[in-house]
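Everything below concerns the one structure shown next.
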Amino acid sequence: MKKNIIAGFAAILLLASCNKDKEILNTLNTYNNSMEAKGYHFGDKLQLPKEVTENAESVSISFGDKETTDLTIDPKFFTLGDNAVTFNIKTKGGETLNQDATINVFAKSPEKNIAYQIVAEYPHDPKNFVQGFQAEGNTIYESDGQNGSSQILKYTLGTTTPLASTKQAPEDFSEGSTIVGDKVYQLTWQSKKGYIYDKSSLKLLSEFAYPNVLGEGWGLTYDGKSLIASDGSKLLYFLDPNDPSKLIKYIAVAGSSQAYDQLNELEYHNGFLYANVWQKPIILKINPATGEVVGTFDFTEIAKQNTKGSDDVLNGIAFKGENMLVTGKNWPKIYEVQLK
């Protein structure tokens with residue numbers, strides 16, 4: 001009889017412990033869900049509910065192959081945008097509890113809406129599916145995509161007749177491109193390699209493999225030191241131009257209330273990165289040191305005039321002096337806009 005009483009008491013304690021563990025996890029889940037939309041900023045400290053902290057011997061957060069017990073949003077541990085993490089709680093009762101969550105980190109300052117006005121329009125070959133777009137003086141260098149018809153070409157702004165062009169293999173889908181000195185670098189979408197051309201003749205000089213972290217090739221630009229590539233995610237990858245297979249670092253991109261992914265055609269100008277967002281009529285102005293979006297351009301009205309389907313979207317950024325040139329996939333025009 002005494003054994004049954006002890007066993008029953010142990011069962012009650014176990015049930016109470018299980019209920020307490022569920023209560024801790026439910027409270028943590030409610031907190032994480034409420035903070036997912038609100039987000040954090042770098043330097044913020046996670047204010048976990050008392051139900052968690054008062055019953056925990058320790059709390060840590062795992063993110064990828066890293067783990068920390070510091071509940072501060074530290075840029076050495078977290079990135080801007082969404083961070084898929086796991087909370088690890090060791091309770092005072094000796095149990096270990098785990099819960100997956102998303103920690104969103106946003107820029108501290110709101111993005112500015114940057115005004116502009118159209119000051120000139122130029123013809124653009126509507127057959128060109130623009131993937132990479134840059135200007136040097138009055139010469140436009142363009143990467144034209146699509147399997148079976150991909151090419152790199154250059155022409156004089158105001159005309160559509162190529163001065164030089166080189167076609168890719170049928171299996172290649174051309175993507176972003178950029179000028180580095182006397183060379184032009186070009187990505188491919190899913191071939192996991194890029195090409196390097198002589199800038200003058202567009203003669204193919206060599207090719208390079210992507211670093212493993214770069215899943216696909218989307219946009220490409222050059223900041224004077226590094227190639228900067230996008231792959232359709234929230235990340236921008238800095239590559240060594242002398243060895244583009246080598247990753248230097250990466251940054252994530254976010255604004256003050258949302259993360260941005262689908263980053264596509266890129267341009268670097270006067271210390272800032274500019275990025276198209278695929279299938280959206282906006283261009284982001286990004287601080288390349290932090291990944292924070294500091295400004296946005298709304299090209300809705302221009303896009304409406306040129307976008308008839310799902311593919312012919314805004315995708316082309318270059319600079320002519322301090323004015324921006326914008327175009328899109330299969331657009332018949334290039335627009336020169338003056339920034340206000």
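Since the structure is predicted, the reported quantities are computational estimates derived from the model, not experimental observations.
- Side-chain atoms of F87 and N98, non-hydrogen and from C-beta on, never get closer than 4.5 Å to each other.
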Legend entry - V105 and N83: CA distance, side-chain angles, deciding distance, side chain to side chain contact (heavy atoms under 4.5 Å, CB included) verdict: CA-CA 8 Å; V105 183; N83 297 264; 3.6 Å; yes
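- Looking at M324 and I317, their side chains come closer than 4.5 Å, going by heavy atoms from C-beta outward.
- Checking T72 against D44 by side-chain atom types alone, no donor-acceptor pair falls below 3.5 Å.
- With F129 as the aromatic partner, K329 meets the cation-pi criteria of under 6.0 angstrom to the ring centre and within 45 degrees of the ring axis.
- Aromatic ring centroids of Y185 and Y197 lie 6.0 Å or more apart.
- Side-chain contact check for L202 versus V184: some heavy-atom pair is nearer than 4.5 Å.
- Judged by a 6.0 Å distance limit and a 45° cone about the ring axis, K333 is not positioned over the six-membered ring of Y122.
- Between the side chains of S174 and Q168, at least one donor N or O sits under 3.5 Å from an acceptor N or O.
- Residues L314 and I283 meet the side-chain proximity criterion, which asks for heavy atoms closer than 4.5 Å.
- Under a cut-off of 6.0 angstrom, the local environment of OH in Y268 is crowded, with over 12 non-hydrogen atoms contributed by other residues, nucleotides or ligands.
- Cation-pi geometry between K154 and Y141 is not satisfied (NZ or CZ under 6.0 Å from the ring centre, within 45° of the ring normal).
- Between K92 and E57, none of the side-chain N atoms (NZ, or NE/NH1/NH2) sits under 4.0 Å from a carboxylate O, so this pair counts as no salt bridge.
- Annotation: side chain of Q262 is not in contact with side chain of K234 (no heavy-atom distance under 4.5 Å).
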Legend entry - side chain to side chain donor-acceptor pair (under 3.5 Å) evaluation trace for E175 with W189: CA-CA 6 Å; E175 283 285 348; W189 180 27; 4.6 Å; no
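- By the 6.0 Å contact criterion, NZ on K192 is enclosed, its count of non-hydrogen atoms from other residues, nucleotides or ligands being greater than 12.
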Inset, instruction - Give the intermediate values and the outcome of side chain to side chain contact (heavy atoms under 4.5 Å, CB included) for residues T69 and S58. - result: CA-CA 8 Å; T69 56; S58 65; 5.9 Å; no
Legend entry - Q131/E142 under side chain to side chain contact (heavy atoms under 4.5 Å, CB included): CA gap, chis, key distance, verdict: CA-CA 7 Å; Q131 300 291 80; E142 190 169 313; over 6 Å; no
Legend entry - Derivation and outcome, ring-ring contact (aromatic ring centres under 6.0 Å, His included), residues Y210 and Y237: CA-CA 11 Å; Y210 294 166; Y237 304 88; 9.8 Å; no
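- T188 places no side-chain N or O within donor-acceptor distance of the main-chain N or O of Q190, the cut-off being under 3.5 Å.
- Ring-plane geometry between W331 and Y335 is classed as perpendicular, the angle between the planes exceeding 60 degrees on a 0 to 90 degree scale with a lower cut at 30.
- The closest side-chain heavy-atom distance from L284 to L263 is below 4.5 Å.
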Legend entry - Intermediate values then yes/no, side chain to side chain contact (heavy atoms under 4.5 Å, CB included), T91 and L97: CA-CA 8 Å; T91 70; L97 310 178; 3.7 Å; yes
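- By the 4.0 Å N-to-carboxylate-O rule, K127 lies close enough to D125 to be salt-bridged with it.
- The aromatic rings of F297 and Y116 sit tilted, their planes meeting at an angle between 30° and 60°.
- In the displayed structure, K66 atom NZ is contacted under 6.0 Å by more than 12 heavy atoms of other residues, nucleotides or ligands.
- A 4.5 Å side-chain heavy-atom check between F173 and E216 finds every atom pair outside the cut-off.
- Around NZ of K45, the count of heavy atoms belonging to other residues, nucleotides or ligands within 6.0 Å exceeds 12.
- With a 4.5 Å cut-off on side-chain heavy atoms, T166 and K203 do not count as touching.
- A distance of 6.0 Å separates CG in L325 from CG in L157, rounded to the nearest 0.5 Å.
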